[in-house]
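Here's the structure, in structure tokens; my notes come after.
Below, chain A is the first sequence line, B the second, and so on; all start at residue 1.
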Number of protein chains: 2
Amino acid sequence: MRASVPVTMNGLKTACSQCNLVELCLPFGMSDSELHQLDELVGGRRKVKRQQSLYRAGDPFEAIYAIRAGSFKTDVLLEDGRDQVTGFQMTGEILGLDGISTESHSCNAVALEDSEVCVIPYAKLEQLSHEVEGLQHQFHKVMSREIVRDHGVMMLLGSMRAEERLAAFLLNMSQRFTARGFSAAEFHLRMTREEIGSYLGLKLETVSRAFSRFQEEGLIAVQQKHIRLLDTTRLRKLVQHQTAGCGR
Amino acid sequence: MRASVPVTMNGLKTACSQCNLVELCLPFGMSDSELHQLDELVGGRRKVKRQQSLYRAGDPFEAIYAIRAGSFKTDVLLEDGRDQVTGFQMTGEILGLDGISTESHSCNAVALEDSEVCVIPYAKLEQLSHEVEGLQHQFHKVMSREIVRDHGVMMLLGSMRAEERLAAFLLNMSQRFTARGFSAAEFHLRMTREEIGSYLGLKLETVSRAFSRFQEEGLIAVQQKHIRLLDTTRLRKLVQHQTAGCGR
DNA sequence: CGCTTGCTTGATACGTTTCAACAGCAGTGG
DNA sequence: CCACTGCTGTTGAAACGTATCAAGCAAGCG
């Protein structure tokens with residue numbers, strides 16, 4: 001067993017075994033003894049200020065990142081200026097998996113608020129995967145989960161209407177806040193209407209209108225970025241396309 | 001080194017070292033010696049007839065599949081009957097990665113023509129990943145590539161118009177046929193207009209109209225499912241949104 | 001305080017869906 | 001062999017949802 005645990009400049013331990021996010025993060029489900037074997041996994045921490053990027057498309061791929069605090073968005077840019085937000089990430093979630101395939105990142109990861117990540121050098125992850133039973137499997141699960149989530153977004157973008165998309169988005173957010181010990185019914189969105197719109201394949205005005213409509217109908221209470229879900233049952237029904245339906 | 005190589009009922013070898021699809025498939029980039037270590041990887045082959053499914057959403061996850069011959073689509077179904085094609089897969093591509101996360105499949109994989117896959121038991125893959133340097137990394141690349149591809153589809157669904165989507169689809173198809181040694185300019189689509197539409201987030205009529213429009217403008221020649229690309233340059237420009245653009 | 005940024009709301013324009021009719025082709029069976 | 005049937009694809013006209021353009025409001029900040 002190792003004697004020392006890596007320490008950041010500010011003196012904080014970076015060991016997974018000391019982290020309270022284990023059950024949300026890469027080491028989920030691993031035994032205590034396995035957890036201690038991961039002490040070396042994290043190369044260090046990195047702070048990222050709001051609006052700054054953790055990595056940009058084209059950057060060489062060297063590490064993946066576990067969000068320790070704060071939140072991020074990932075987006076892809078087209079030459080003509082259009083961009084598409086491909087996801088929002090919260091604490092415990094893993095960033096940078098897109099980089100493995102070409103050894104350079106294919107999207108930008110931008111902090112939505114002042115944030116901090118654990119840097120997990122990919123070489124170290126591969127190496128430890130050989131030694132620590134369970135790490136490999138857990139890592140595969142993380143990647144697979146990202147694929148499944150992306151399929152969900154494709155479903156949303158490909159076959160839902162504006163209000164259904166927003167309802168699905170809000171319920172997804174609520175569920176993820178809940179998993180982190182926050183209120184399921186009341187939360188603060190860190191992203192702008194434009195970013196939500198980009199993620200949902202809508203213009204910001206459409207997002208705004210959908211918010212207003214939900215509020216009129218008593219489904220939610222909106223105050224800028226602060227959201228309260230008032231009727232999750234009806235919200236859930238919306239996603240499943242109760243409405244007679246036509247248009248797109 | 002092993003003496004015997006697994007053999008299917010019809011007497012065909014299932015070893016990757018004997019397969020002509022290596023450079024498209026999971027073992028891509030591996031050394032000859034590594035390749036021989038993979039002889040045990042493939043548990044067997046399985047034939048899937050047109051319209052039949054390789055696995056269905058909810059099925060327990062046990063193996064991933066490498067397409068040996070033929071092609072597939074994957075799709076997700078919503079309770080209300082709507083479905084979304086999440087991808088089309090060709091020879092050498094890997095199916096079933098979505099199942100790792102929850103240990104059960106989250107989508108359906110349906111053969112677009114009579115096809116055959118190599119069954120790769122996931123337990124065996126995990127085990128061999130420990131032994132064979134390079135397999136683990138290659139597998140990660142395959143998963144990462146799927147994530148990157150999905151982001152591309154999200155971009156397409158979220159911020160392109162009908163004709164841009166179809167152009168992107170055709171160019172993608174062309175590129176994949178080329179990688180398999182087929183003509184880049186002339187190919188046969190295995191999927192219906194409805195399936196293309198579902199994948200692109202459009203109705204089949206819209207897909208049909210876009211095909212007709214491309215034909216009128218001399219970009220392509222369409223005969224049912226047989227497509228000839230006549231002007232890939234202009235097709236490529238279309239994707240990059242040359243058109244002034246409004247609407248969605 | 002004026003400035004900027006993010007959000008809301010309205011009127012109009014546009015692209016895609018919807019509904020509907022029809023054509024082409026394959027498979028079936030009289 | 002040729003109706004018959006079902007499936008896939010094409011095309012047109014109208015309806016609908018979302019984008020666009022534009023104006024105004026609220027909040028945050030130097």
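We find that CZ of Arg213(B) is positioned 10 Å from P of dT16(C), with the value rounded to whole Å. Here dG6(C) presents its P atom at 13 Å from CD1 of Ile196(A), a figure rounded to the nearest Å. Rounded to whole Å, atom P of dC16(D) lies 12 Å from atom CZ of Arg161(A). A straight line from CD of Gln215(B) to P of dT11(D) spans 8 Å, rounded to a whole angstrom. Nucleotide dG6(C) holds its P atom 17 Å from the CD1 atom of Ile227(A), rounded to whole Å. Between the NE2 atom of His226(A) and the P atom of dA27(D) there is a distance of 15 Å, rounded to whole Å. Per the geometry, CG belonging to Leu202(B) stands 18 Å off P belonging to dG17(D), to the nearest Å. Remark: C1' of dC7(D) and CZ of Arg50(B) are 10 Å apart, rounded to the nearest angstrom.
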In the 5'-to-3' direction, what one-character label does each nucleotide of nucleotides 7-13 of chain C receive under the scheme B = base within less than 4.0 Å of a protein heavy atom, S = sugar-phosphate only, - = no such atom?
-> SBBBB--

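Ring planes of Phe182(A) and Phe177(A): perpendicular class, angle over 60° (limits at 30 and 60°). In this pair, Phe61(A) and His105(A) present their aromatic rings perpendicular. The plane angle is above 60°, beyond the 30 to 60° band.
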Side chain to side chain contact (heavy atoms under 4.5 Å, CB included) between Tyr65(B) and Phe72(B): does it pass, once the steps are laid out?
-> CA-CA 11 Å; Tyr65(B) 307 91; Phe72(B) 288 80; over 6 Å; no

Quick one: do Phe88(A) and Tyr199(A) satisfy ring-ring contact (aromatic ring centres under 6.0 Å, His included)? Show the steps, please.
-> CA-CA 8 Å; Phe88(A) 298 113; Tyr199(A) 179 62; 5.0 Å; yes

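Heavy-atom minimum distance, Val207(A) versus Leu166(A): O-CD2, 4.2 Å.
When the options Arg190(B), Arg176(B), Glu113(B), Glu93(B) are evaluated for a side chain to side chain donor-acceptor pair (under 3.5 Å) with Ser71(B), the one that passes is Glu113(B).
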